[in-house]
Amino acid sequence: MKKILAVFSITLLVLFLVASCTNQVSKPQQQNDKPIIQNTTKSNIILFGPLSESYTEGKVLIGYEDRNSALEVVKLLNGKIAVEVPEIKMLSVTFNGKVEDAYKKIKEANITGIRYVEPSYKRELIKPEPVKDDPAKYIKSGKELHGTSRGSEYFSSSLWGLEAVFGGKSAEEIWAEASGTDIIVAVVDTGVDGTHPDLEGQVIKGYRPLTGEELPEGTDSSYGGSHGTHVAGTIAAKKDGRGIVGVAPNAKIMPIVIFDEDEVYVGDDYVAAGIIWAVENGAKVMNHSWGGWGYSHTMKEAFDYALERNVVMVVSAGNNHTEQHVHYPSGYPGVIQVAAVEYNGGNYRTTWFSNRSDGITVGAPGVKICSTVVMPGSLGYKEHQGYSLVDPETNGVYDYYDGTSMASPHVTGVVALLLQKFPNAKAWQIRKLLESTAQDIDKAGFDTDSGYGLVRADRALEGTLPTNGGVEFFTVEITDAYGEWKVPTVWAQLRRTINNVVVSYYAKTDLDGIAKFPQIDAGDYEVIIGGPDSNERCLGYSEAMGESRPGGYAINYRMAEERQITDNITITTSETKTYAFESEFKVELPTSLTNEATLVWFDFITSDSDYITISSTNVDLSEKSGLGQLYVMLPETPTELVTLNATVTLNGYEIPVFTEIGTDTTVGILDEIGGHPLLYWTVFGKK
Ligand code: CA
């Protein structure tokens, strides 16, 4: 799917170029026998996040090496710092205007010390599905799953999710082993109504990144509605005989509000601030029942920050009933992704709306889930949402929701139980333990519906932490042939087959050529590096692209021709695996040029020009590394328009190129479209 999209985008790009540039390409002028070319250095290469996904205008997120550089951007845009997250060297800036205009200004300003600039992508709460069936079907009535206790709360008969994940053990037996004591669970969501009688005493200090407020313990922070309160109840509602009870009733809930008033997503910048606040304030596991498109460096770095500190990240698969691979944060490596499971009276199976993908870890109950909702009068209370159940003694309100958003908190609760038993567990050990003890459902063995199956707390608590089978830090580094140029914005994919399902982890290299894969499975992998990501335009200038398409050329343009590495590796320990691209880069020139013209390789990264006297029709440039352009310089201005046709051979791909040199210049750029000032060859040298 991604590949098809990439090819499609490249095709569009080419079509666009042909359409927009053929009439307006300005040929470089000759001065002192040298072409004048935009001067730049490697240090002002900036990754620009694609504007092809849905994003918010008037804001950009800036990853920096040097904070002063980011402040220069703030000034340049006449903007204001929205939020700053020094732990991942990011600040965001709001300004009046459009993001694509801001991109253009930043590129033109040639500021050094910036790693990336990206838009504020829109993401959504994974909203509950309407409950269609009568919840009574799931109420204990002789149609028990295991026939075991669902606790002894007022609405315990409705808590089929507890019975399902506790498997063969009663709730009391599970809680005798572990109940989440001393485990802090961050609910990264709409906020939590800490005044709900069943959550009183369960909600500790939280954070509202949009305002920078710390939320005192026990307060109502349900700014974005009931969703987070429902999630929180499933994880840790109180065991007090009233209402319901959570999977881990002695765990503590830390609300992180990322869907604020009117349920508006605060942005990846504030989410990053919230995640890091949670890590720094002791969260050991986080529940994420939300997501969206757009690979964000900011959010990836925040997730890596948590995962590298062994904070377990549990993420809902989503409710779109589609194959999804590029939905974030569920698509980041190292997370536990949860599908929604239903019980049809005889079997468990993944429910119709739950997203399918090779990234699913386990399934958990996700239909007719009875949990806490915001109290009438609380911040997030909406009359039309209301509630369907009231505890007659406490007046606490409850409702049934369907959704993968309701499934992931069951897993988060089980993780809290496990973390009480194994407080020093690595994040991957917890995931592997859940996988190996899951109850196989749907197709036999691992599948794209429910991953390894229904999560089972009873079996997991009886298990031991695996000592192998995962790694904390695995990193891919991409360089040129000489190890000097760290190549950014390249997709690295680790692929293997589990039970005939092709399973992949993806990550993208940053400006240092690094793609991180924290907390992944050990094992045998096929490594595929090269793409596709034609959207992230990390270089180039806007104007030649026209108003409708900001940015310059993708570094990944000519992807197939320029770079492809495949390898087979066995990952057993934390390590950095370095891959070096190499290029065979040759030019075959027309015989008419021999001995009377000069071929110029201009290196965009170093600003060096290499003047090569053409003594043969075949020139081997394979030692070149970087982003560059090929110029032909004639000894004198031609008397009439000269068209030169040549062939570039790049890693075995023959690419016809040409240039036209008019009577007012001696210089022409050789490329597929006759000379575009922004179309660079990306080459990596050869050892
Ligand atoms: Ca209760």
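Ligands are counted one by one from 1 in listed order, and the atoms in each one are counted from 1 as well. If you're wondering where the values come from, they're calculated on a predicted model, not measured in any experiment. We use all heavy atoms of the structure for the numbers below, so side chains are in, but hydrogens, waters and symmetry mates are not.
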**Q** The criterion is side chain to side chain donor-acceptor pair (under 3.5 Å); which residues satisfy it with N310, sequence neighbours excluded?
**A** E472, Q519
**Q** Closer than 3.0 Å to the Ca ion (ligand 1), do we get an N, O or S atom from I244, backbone or side chain?
**A** yes
**Q** In plain terms, say whether K382 and E263 are close enough for a salt bridge, that is, a side-chain N and a carboxylate O under 4.0 Å apart.
**A** no
**Q** The Ca ion (ligand 1) as vertex, arms to O of K238 and OD1 of D198: angle to 10°?
**A** 100°
**Q** Is the distance from the Ca ion (ligand 1) to the nearest N/O/S atom of G241 under 3.0 Å?
**A** no
**Q** By the definition ring pair (Phe, Tyr, Trp, His ring centres under 6.0 Å), identify the one residue from Y121, W290, W293 that meets it with H327.
**A** W293
**Q** Using side chain to side chain donor-acceptor pair (under 3.5 Å) as the criterion, list what pairs up with D442, not counting sequence neighbours.
**A** T350, S450
**Q** Nearest to the Ca ion (ligand 1), which N, O or S atom of D240 do we find?
**A** OD1
**Q** E153: which N/O/S atom is nearest the Ca ion (ligand 1)?
**A** OE1
**Q** Strictly below 4.0 Å, N to O, side chains only: are R456 and D458 in salt-bridge contact?
**A** yes
